[in-house]
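Structure first, then comments.
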2 protein chains.
Amino acid sequence: MQIHVMQGGLESFLDRLQRATTLEDLYRATEDLRDRYGVFHVVYHWVNSVGERYGAGTYSTEWVDRYLDRDYLMIDPVIFGCYSRFHPVDWKELDWSTKASRAFLEDAIAHGLGNQGVSIPLHGPKGQFALFTVNDSCSDVSWDMFKQLNLRDLILIAHDFNKKALELEQAADPAPRAALSPRELSAMTLLAKGMSRAQAAQELSISEHTLRVYVETARHKLGALNTTHAVARALSAGLIVV
Amino acid sequence: MQIHVMQGGLESFLDRLQRATTLEDLYRATEDLRDRYGVFHVVYHWVNSVGERYGAGTYSTEWVDRYLDRDYLMIDPVIFGCYSRFHPVDWKELDWSTKASRAFLEDAIAHGLGNQGVSIPLHGPKGQFALFTVNDSCSDVSWDMFKQLNLRDLILIAHDFNKKALELEQAADPAPRAALSPRELSAMTLLAKGMSRAQAAQELSISEHTLRVYVETARHKLGALNTTHAVARALSAGLIVV
DNA sequence: TTCTCCCTCCCCAGAAATGGGGAGGGGGCG
DNA sequence: CGCCCCCTCCCCATTTCTGGGGAGGGAGAA
């Protein structure tokens, strides 16, 4: 039974990750990790704050293309299962009961993936979502031991991957929009909580006309096209909590 | 120069944290950590998926009451500064330029807080937000060394605190609502992105009447009072990304 | 075979939202 | 002192949303 632990220091790896400046650097880092741990695959996959998807990992180009062509994103239990979780998820914990998901898994293994996998979900402050995945082919006993030895380091590595990805996203972002005033935030929050404009005005002890001014000003600051859009943007930007 | 590292094993602490079943247990764990690290305060503060706020930490009841009475939540740079970040934040990195924030800090120190602090933001899958904070009183040199020695373990500890808090929340939650159908999700997504109903219908190649059915059905499934509320709930539940 | 859910489409009347416009007072910063 | 932003309030006409209701076909699972 061969047990994999990281060759070389966590420290030196994280130092180099910190110096990454491009998506290519993140890709190189996943290759480095795959080699250091001696596993089949390491993948960092993320969705930024406007829903754009990115991947940096060691899956073959053939498999990535096939995944996209067949719209496996709509089937993959790893995506949906992890999206609603916070802590690392072993692939065995996921729901593989549908025919489509089992066919998907068979197809994945036929294209170079291993039978074991663990994915670490990462949620960003503005709705970003990322998955850091390690995939290998070995027995259950080996896999359990691998996780026990390495999972904490992998959480820290995933954390730093995500930090770096958010930095890269922020570097590419346009200048942030004007902040909302407290009353504008309150107006957005009350509408997000389901109040009508009349109810929100009453709650704030102001007239509906006044509330309307706050809603309209907030909407313009957020660059939104209508009130629903404004609320959606405020939530996504982490400006309000519903 | 006294350097603090954790007394006793990280492993045994995390094992005990895993067995926590109440908020009181989380509180006890923060006391345990404060003593093990030999710092002034350890606090875990979180906002669940419906905006309810909870705290488990070693601040004095007097300070907590004062914080709430004076509505310091609206001033505290730690809250706003960390809410939009992903990685741990030293309090010195925050914006203390306003008179109110400086007065707040003086008041905090006068009520038992130390001059040094680091907060680890944690974002959950359904809009939950938590802060894991360590606070102490020492020189900058000591504090930098403390962080260098302990920050990775603190990230893992914060992670497990958050996992436990989310478990406690989920245990208290009512049964999840019915899932939205693909078309309902598409309707919600397009409205969240700012399209009018007419535009969304055109985008999906269906009539406005049909889109209306999806919007209304989704709204009922989400238990929302109007369309804006439905979109807000879908976003908060992590069902859609804008 | 039956049942359930999804997808598709239509109706009317009343209420609410939207797109513009107008206005004044107070506080804080340069 | 002047400027900017926040908070407060009002107007009209048009468009959109909402609260109910109706209907039928297809696919998949039990």
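All of these numbers come straight from a predicted model, not from anything done at the bench. Naming: A, B, ... by sequence-line order, numbering from 1 per chain. The analysis underlying the following values was restricted to heavy atoms, covering all of them including side chains, and did not include hydrogens, waters or symmetry mates.
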What's the CG-C1' distance between A/Leu225 and C/dG19, to the nearest Å? 14 Å
Mind listing the closest non-hydrogen atom pair of B/Ser137 and B/Asn115 along with its distance? CA-OD1, 3.1 Å
Rounded to whole angstrom units, what separation is found between the CG atom of B/Leu185 and the P atom of C/dC6? 11 Å
Between P on D/dC5 and NE2 on A/His220, what's the gap in Å once rounded to a whole number? 16 Å
B/Thr227 side-chain N/O to D/dT18 phosphate OP1/OP2 under 4.0 Å: yes
Please give, in whole Å, the distance from C/dT18 P to A/His229 NE2? 13 Å
Report the end-to-end axis angle of the helix from C/dT1-D/dA30 to C/dG30-D/dC1; each axis comes from five terminal pairs, and the value is rounded to 10°. 70°
Between A/Lys221 and D/dC5, is there a side-chain N or O to OP1/OP2 distance below 4.0 Å? no
Partners passing side chain to side chain contact (heavy atoms under 4.5 Å, CB included) against B/His87 (at least two apart in sequence or in another chain): A/His159, A/Asp160, A/Lys163, B/Ile155
Heavy-atom side-chain contact between B/Tyr44 and B/Asn162 under 4.5 Å: yes
Whole angstroms only, please: what is the CE-C1' distance between A/Met188 and C/dA17? 13 Å
Donor-acceptor contact present, side-chain A/Asn226 to main-chain B/Gly194, <3.5 Å: yes
Verify the contact: side-chain N or O of B/Arg219 to OP1 or OP2 of D/dG19, cut-off strictly under 4.0 Å; return yes or no. yes
Does A/Gln202 CD have over 12 foreign heavy atoms under 6.0 Å away? no
Tell me: CD of A/Glu216 to C1' of D/dC10, nearest whole Å? 15 Å
Once side chain to side chain contact (heavy atoms under 4.5 Å, CB included) is applied, do any residues pair with A/Ala158, and if so which ones, sequence neighbours excluded? A/Ile120, A/Leu122, A/Phe132
Counting only non-hydrogen atoms, which of residues 203-215 of chain B are less than 4.0 Å from DNA chain D? B/Arg212
Taking side chain to side chain contact (heavy atoms under 4.5 Å, CB included) as the definition, give me every residue that meets it alongside B/Tyr59, ordered by chain and number, with sequence neighbours left out. B/His41, B/Val43, B/Trp63, B/Val64, B/Trp91, B/Leu113, B/Thr133
Residues which pass side chain to side chain contact (heavy atoms under 4.5 Å, CB included) with A/Val215, listed by chain and number, not counting sequence neighbours: A/Ala187, A/Met188, A/Leu191, A/Arg197, A/Leu211, A/Thr227
Given B/Leu180 and B/Leu222, is the side chain to side chain contact (heavy atoms under 4.5 Å, CB included) satisfied, shown in steps? CA-CA 8 Å; B/Leu180 300 190; B/Leu222 292 161; 4.1 Å; yes
From CD of B/Gln202 across to P of D/dT16 the rounded distance in Å is 13 Å
